[in-house]
Novice: 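Handing you this structure, nothing more for now.
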Amino acid sequence: MYRGRGFYLEGKTPMETNELEKIRIEKIHQMRAAGLEPYPTRAEPTLAIQGAVNAFLKAEADGGDAVISTTLAGRVRSLRLMGKLAFAHIEDGSGRVQLMLRVNEVGEALMAQLRDYYDLGDFVEANGTLMRTKTNEVTLLVSSLRMLAKAVTPLPAAKDEVVDGEVVRHATLSDPETRYRQRYADLAVNPEVREVFRARARITRALREFLDERDFIEVETPILQPIYGGAAAKPFVTHHNQLKQDLFLRISFELYLKRLLVGMFRGVYEIGRDFRNEGVSFKHNPEFTQLEFYWAYADYLKVMDLTEEMVRFVAQAALGTTIIAYDGNTIDLTKPWQRLNLRQALLDATGIDIAACPDDASLAAAMKAKDLPFKPGSTRGKLIDGLLGDYLEPTFIQPTFLYDYPRDISPLAKSKPGDPTTVERFEGFIGGMELCNAFTELNDPLDQESRFLEMGRDYEDDDEERHPMDEDYLRAMSYGMPPNGGFGMGIDRLTMLLTDRKTIREVILFPHLREREED
RNA sequence: GGGUGCGUAGCUCAAUGGUAGAGCAGUGGCCUUUUAAGCCAUUGGUUCAGGGUUCGAGCCCCUGCGCACUCACCA
């Protein structure tokens, strides 16, 4: 449940501060009155917790009685006070360690501070020596302890139990709404959530490494664009006040990246955010991260090969394996991907031969004859796209390329020689989900111009998805663009696959949620 | 945007239309090796919001808000 929040300033009325928070705020005042600073400016841990524990384990393994003295910092995750003895666990993102405080080592005053001022969730710094307790747990025998940052609001986790080295959480924060709206609390309390985002970072790093090694250059192109393009999607609109100019948030990077091939880069790529003003779902967020690359002198077959290699490389680099589990399925990225011709795959799945239906009306008639649902008035390409989404995409659990797409939904792809209705384009699927989209890029400026004009006609009644004519892009292409293969992949979806998450919100730190009214 | 479901203490969850509860956290006491939470005691609620039905509503009805699932649109 959401509550409007307020600030607690001394002498003012606390607004919406709950009982637990009032107690902790009172402790802050008491600490300051006692000459203790609850938010000191600097911390000076000598090691990360896991580093210290590892050093201790290594010293043990070496058989020595080496005394490891260290200062560790972290968040208090458990606290057990027993008068003249106390135990706590602290955690810092690298690991966790137990603290033991004995009155004869730290003195009565510190034991009293611990009792009166310290709570779960506080950041603390402890100096001491590492040892093992009677129950054999690696523990810092504390000689001094101080507050680094007092937590006012209690973290929502209840209890952690360590079973065979695995941390089991009892009654942890699990409400998805709270987890997404307060991701900081989710991350603080659920280590497996942190691991998803660590994996995500390894994935993007591996993609860069893979492309950099092959002499692609990473570039950055405009997010604010006067003309949007490169995909069939509705844009977000914004406005530049001083220039009195409406601008769009980009829906793809494509048209800018290909301009760079005109400028004599052999291979360019960009990893960044796209924005699409459309519905949200388990695989759609209004802003999402995309990788696009364009590769001079390549075609869609070379791009297919590179895609296989790249996804395999990323899985190995990020997970240490090329065999992954997704939604109960085992997916083998080691093997070559299945490659299916779109026309043949649709014929097998639906009995409709799209080659025998060269226009909107004939395809709609064929679908009607088979009792397949469709949206009246759709173009041939949109009908095919619908069939693909309904009858093919969900069946592609194992890695699959579907290739040779209808021309009218692919205005930036090059026609297949000898086939005016088809372009050299493929999409890659894993886990029943579209992962990437690529084509042999159209580099004929005259053909490109007529495609823009066709799109303008087809989408006359549908302003928002209409591709506006990009004259500067045409000018760039008319200077000469090398033949090239282009590629786009959703990084969020790749991360879903590699971390076995079933919704895109689990792989986006701050997914878009509807704004709540604060009262 | 449509359909279905859900919303109770800080967290995880109970409660035939009849006094709103439990565990954990919090608070108090005892305790020098605890381990899910040492032991004992105990506080804590605008039941998402607003209407309605009823002697009586957490529960039934209506409206709104949010979330989840799903359909549509899309990557």
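Each chain gets a letter, A, B and so on, in the order the sequences are listed, and its residues count up from 1. Keep in mind that this is a model prediction, so the values were computed, not measured.
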Novice: Using purine N1 to pyrimidine N3 plus N6-O4 or O6-N4 for Watson-Crick, or N1-O2 and O6-N3 for G-U wobble, both under 3.5 Å, which nucleotide pairs with C13(B)?
Specialist: G21(B)

Novice: Side chain of Asp175(A): nearest nucleotide among C11(B), U12(B), U32(B)?
Specialist: U12(B)

Novice: Just to be sure I understand the geometry, which residues of residues 496-510 of chain A put a non-hydrogen atom under 4.0 Å away from RNA chain B?
Specialist: Thr503(A), Arg505(A)

Novice: What salt bridge (charged side-chain N to carboxylate O under 4.0 Å, His left out) pairs are there with at least one residue in residues 126-145 of chain A, not counting sequence neighbours?
Specialist: Glu60(A)-Arg132(A)

Novice: What is the distance, to the nearest angstrom, from the CG atom on Leu79(A) to the C1' atom on G38(B)?
Specialist: 13 Å

Novice: Can you check the Glu278(A) CD to G1(B) P distance for me, whole Å?
Specialist: 15 Å

Novice: Is there any salt bridge (charged side-chain N to carboxylate O under 4.0 Å, His left out) pair reaching into residues 487-504 of chain A, and which pairs are they, with sequence neighbours excluded?
Specialist: Arg200(A)-Asp492(A), Asp500(A)-Lys502(A)

Novice: How many Å lie between OH on Tyr184(A) and P on C11(B), as a whole number?
Specialist: 12 Å

Novice: So Asp116(A), base contact, sugar-phosphate only, or nothing? Heavy-atom distance under 4.0 Å.
Specialist: nothing

Novice: Could you identify the nucleotide paired to G5(B), looking across every strand shown and requiring Watson-Crick or G-U wobble geometry with both distances under 3.5 Å?
Specialist: C67(B)

Novice: Whom does U53(B) pair with, Watson-Crick or G-U wobble, provided both distances fall under 3.5 Å?
Specialist: none

Novice: From A68(B), U34(B), G26(B), pick the nucleotide closest to the side chain of Leu120(A)?
Specialist: G26(B)

Novice: Tell me the partner of U33(B), counting only Watson-Crick (N1-N3 plus N6-O4 or O6-N4) or G-U wobble (N1-O2 and O6-N3) with both under 3.5 Å; none if nothing fits.
Specialist: none

Novice: Taking for each residue the nucleotide of RNA chain B with the nearest heavy atom, is it Asn437(A) or Ser174(A) whose nucleotide lies nearer the 5' end?
Specialist: Ser174(A)

Novice: With respect to the side chain of Arg80(A), which nucleotide from C13(B), G38(B), U32(B) is positioned closest?
Specialist: G38(B)

Novice: Can you check the Met82(A) CE to U34(B) P distance for me, whole Å?
Specialist: 7 Å

Novice: Whole-Å distance between U12(B) C1' and Arg179(A) CZ?
Specialist: 14 Å

Novice: Would you say the base of U34(B) and the side-chain of Thr133(A) have a donor-acceptor pair closer than 3.5 Å?
Specialist: yes

Novice: Which part of the nucleic acid, if any, lies within reach of Arg493(A) when heavy atoms closer than 4.0 Å are counted: base, sugar-phosphate only, or nothing?
Specialist: base

Novice: Rounded to the nearest Å, what distance is computed from the CZ atom of residue Phe87(A) to the P atom of nucleotide A36(B)?
Specialist: 13 Å

Novice: With heavy atoms under 4.0 Å as the rule, sort Asn104(A) into base, sugar-phosphate or nothing.
Specialist: base

Novice: Kindly assign one of parallel, tilted or perpendicular to the pair Phe426(A) and Tyr300(A), based on the angle between their ring planes and the thresholds 30° and 60°.
Specialist: tilted

Novice: Considering only side-chain heavy atoms of Leu20(A), which listed nucleotide, C67(B), A25(B), A75(B), is closest?
Specialist: A25(B)

Novice: Hey, which sits more toward the 5' end of RNA chain B by its nearest nucleotide, Phe288(A) or Arg115(A)?
Specialist: Arg115(A)

Novice: Take the protein atom CE of Met489(A) and the nucleotide atom P of A75(B), then report the distance between them rounded to whole Å.
Specialist: 16 Å

Novice: Salt bridge check: are Lys382(A) and Asp360(A) linked by an N-O gap of less than 4.0 Å?
Specialist: no

Novice: Which nucleotide in the set U32(B), A68(B), G26(B) lies at the smallest distance from any side-chain heavy atom of Asp119(A)?
Specialist: G26(B)

Novice: For U46(B), which nucleotide in any strand shown is its Watson-Crick or wobble partner with both distances under 3.5 Å?
Specialist: none

Novice: Write down the distance separating the C1' atoms in U4(B) and A72(B), rounded off to the nearest Å.
Specialist: 15 Å

Novice: Should the pair Arg183(A)-Asp186(A) be classified as a salt bridge under the 4.0 Å nitrogen-to-oxygen rule?
Specialist: yes

Novice: Could you go step by step and tell me if Arg505(A) and Glu177(A) meet the salt bridge (Lys or Arg N to Asp or Glu O under 4.0 Å) rule?
Specialist: CA-CA 11 Å; Arg505(A) 293 185 201 92; Glu177(A) 181 172 358; over 6 Å; no

Novice: Between C65(B) atom P and Leu513(A) atom CG, what is the distance in whole Å?
Specialist: 16 Å

Novice: Using a cut-off of 4.0 Å on non-hydrogen atoms, how would the nucleic acid contact of Ser252(A) be classed: base, sugar-phosphate, or nothing?
Specialist: nothing

Novice: Could you tell me whether Glu292(A) and Arg250(A) make a salt bridge, using a distance below 4.0 angstrom between a side-chain N and a carboxylate O?
Specialist: no

Novice: Does Arg514(A) make a side-chain N or O approach to OP1 or OP2 of C67(B) shorter than 4.0 Å?
Specialist: yes

Novice: Check every strand shown and say whether Gln98(A) touches a base, only sugar-phosphate, or nothing at a heavy-atom separation below 4.0 Å.
Specialist: base

Novice: State which of U32(B), G38(B), C73(B) makes the closest approach to the side chain of Lys84(A).
Specialist: U32(B)

Novice: Students often get this wrong, so: under 4.0 angstrom with heavy atoms, is Gly490(A) touching a base, only sugar-phosphate, or nothing?
Specialist: nothing

Novice: Test for a donor-acceptor pair under 3.5 Å between the base of U33(B) and the side chain of Glu137(A), counting only N and O atoms.
Specialist: no

Novice: With rounding to whole Å, what would you report as the distance between A15(B) and C48(B) at their P atoms?
Specialist: 15 Å

Novice: Can we say Arg146(A) and Glu125(A) salt-bridge, meaning some charged N sits less than 4.0 Å from an Asp/Glu carboxylate O?
Specialist: yes

